[in-house]
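Numbers restart at 1 for each chain; the letters A, B, ... are given by sequence-line order, proteins then strands.
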Number of protein chains: 2
Amino acid sequence: MKNTQSENNLPEPTKAELEILQVLWEFGPSTVRFVNDKLNEQREVNYTSTLKQMQILTEKGILKRDESQMKHIYIPVEAEEKTKVQLLDRFVNTLYKGSASQLMMQLLGNEKTSKKEIEEIKRLLDSMD
Amino acid sequence: MKNTQSENNLPEPTKAELEILQVLWEFGPSTVRFVNDKLNEQREVNYTSTLKQMQILTEKGILKRDESQMKHIYIPVEAEEKTKVQLLDRFVNTLYKGSASQLMMQLLGNEKTSKKEIEEIKRLLDSMD
DNA sequence: TGTATCGTACGAAAAACATCGTACCTTTAG
DNA sequence: CTAAAGGTACGATGTTTTTCGTACGATACA
């Protein structure tokens with residue numbers, strides 16, 4: 001089966017880019033300073049490195065920004081869900097030939113998926129229909 | 001600086017490396033020629049590029065090879081499942097803070113996940129316990 | 001037996017990613 | 001007014017990943 005990329009096709013975010021997106025998803029539109037501080041809670045990064053990444057992200061059309069103030073505010077162009085769905089879709093296609101149920105089985109067989117999680121999933125499915 | 005990975009934890013395969021693994025998973029132990037031909041059904045790659053990648057994979061300990069013949073036979077060190085579980089685990093952690101059920105919801109909300117898939121998953125869950 | 005074919009080895013170029021230093025502009029406090 | 005603090009821009013550099021050219025050994029066979 002052909003993988004027809006849908007019309008709005010943003011480039012795949014890289015690892016460093018994902019880190020930044022996560023901060024924006026969690027805390028909403030932010031300045032570079034804020035994002036950089038958050039990143040530095042996990043690992044050391046220079047301010048200008050984060051700045052550069054966010055500028056690149058903007059060039060790529062993954063972020064947009066409000067430049068009306070000196071402290072630019074960065075905002076993801078696509079909603080968190082949408083981006084994650086895209087990544088998930090790519091993941092399922094690459095590793096499981098698009099079969100969600102196969103991925104599921106792996107998930108369920110994984111010890112790290114707790115009983116609680118499994119119950120959660122069951123309830124979710126029952127409440128679907 | 002050196003990246004000391006713990007014994008059990010093989011380095012994350014890169015994109016190009018995954019392509020090769022997939023061929024080996026699907027068709028079993030193979031020669032470079034065979035893998036390269038398969039890859040070229042999808043995109044153009046030079047034979048020596050594939051060779052090099054497979055040599056690198058071997059250095060990294062992701063593949064091993066039988067050199068008893070001139071045409072070396074390459075074999076994944078870890079089983080397909082094990083590697084996939086690792087990748088999946090990483091994926092869930094990165095994008096869903098480790099919550100499998102959150103990932104599920106995304107999967108189920110995705111139009112590309114067919115009714116049939118969903119039925120499959122339900123049956124799977126019911127038959128678990 | 002020589003030459004075309006098919007294999008491996010490997011360095012190095014190319015491309016993609018990530019990080020940082022420096023220049024320079026604005027704002028703010030004294 | 002001026003210096004310090006804090007902001008953006010952006011080229012340069014470092015690193016990792018990917019691709020490829022070239023050298024050279026083994027094999028096949030006319």
Original post:
What is the nucleic acid contact for Gln55(B), judged by heavy atoms within less than 4.0 Å: base, sugar-phosphate only, or nothing?
Top reply: base
Short N/O separations, protein against nucleotides 5-7 of chain C, under 3.5 angstrom:
from	atom 1	to	atom 2	distance (Å)
dG7(C)	OP2	Arg33(B)	NE	2.7
dG7(C)	OP2	Arg33(B)	NH2	2.6

**OP:** Take nucleotides 18-23 of chain D nucleotide by nucleotide from the 5' end and write B, S or -, depending on whether a protein heavy atom sits under 4.0 Å from the base, only from the sugar-phosphate, or from neither.
**Re:** BBBBB-
Original post:
Looking only at heavy atoms, which two atoms of Lys64(A) and Pro76(A) are closest? And how far apart?
Top reply: CE-O, 4.4 Å
**OP:** Give the rounded distance in Å between these two atoms: CG of Asp66(A) and P of dG7(D).
**Re:** 16 Å
Original post:
Does Val32(A) share a hydrophobic cluster with Ile73(A), counting links as ILVMFWY side-chain heavy atoms below 4.5 Å and allowing steps through other members?
Top reply: no
Subject >> Between dA23(C) (C1') and Leu51(A) (CG): distance, integer Å >> reply: 13 Å
Original post:
Leu39(A) CG to dA18(C) P: how many Å, rounded?
Top reply: 12 Å
**OP:** Answer yes or no on whether Lys38(B) is positioned over the face of Phe27(B), meaning its NZ or CZ is under 6.0 Å from the six-membered ring centre and within 45° of the axis.
**Re:** yes
**OP:** Measure from CG on Leu57(A) to P on dT8(D) and round the result to the nearest Å.
**Re:** 15 Å
Original post:
Does Asn36(A) use its side chain to pair, donor to acceptor, with the backbone of Thr50(A) at less than 3.5 Å?
Top reply: no
Original post:
Under the 6.0 Å and 45° cation-pi test, does Lys84(A) pair with Tyr96(B)?
Top reply: yes
**OP:** For Met54(A) and dA9(D), give me the distance from atom CE to atom C1', rounded to whole Å.
**Re:** 15 Å
**OP:** Take atom CD1 of Ile20(B) and atom C1' of dT17(D), then tell me their distance rounded to the nearest Å.
**Re:** 12 Å
**OP:** Not counting sequence neighbours, which residues clear side-chain hydrogen bond (donor to acceptor under 3.5 Å, both in side chains) with Glu67(B)? List them please.
**Re:** Arg65(B)
**OP:** For residues Leu39(A) and Ile20(A), determine if any side-chain heavy atom of one lies less than 4.5 Å from a side-chain heavy atom of the other.
**Re:** yes
Original post:
Any sub-3.5 Å donor-acceptor pair from Glu17(A)'s side-chain atoms to Thr14(A)'s backbone N or O?
Top reply: yes
**OP:** Determine yes or no for a side-chain-to-main-chain donor-acceptor pair under 3.5 angstrom, with Thr94(A) supplying the side chain and Arg90(A) the backbone.
**Re:** yes
Original post:
Separation of Glu59(A) atom CD from dA9(D) atom C1', in whole Å?
Top reply: 11 Å
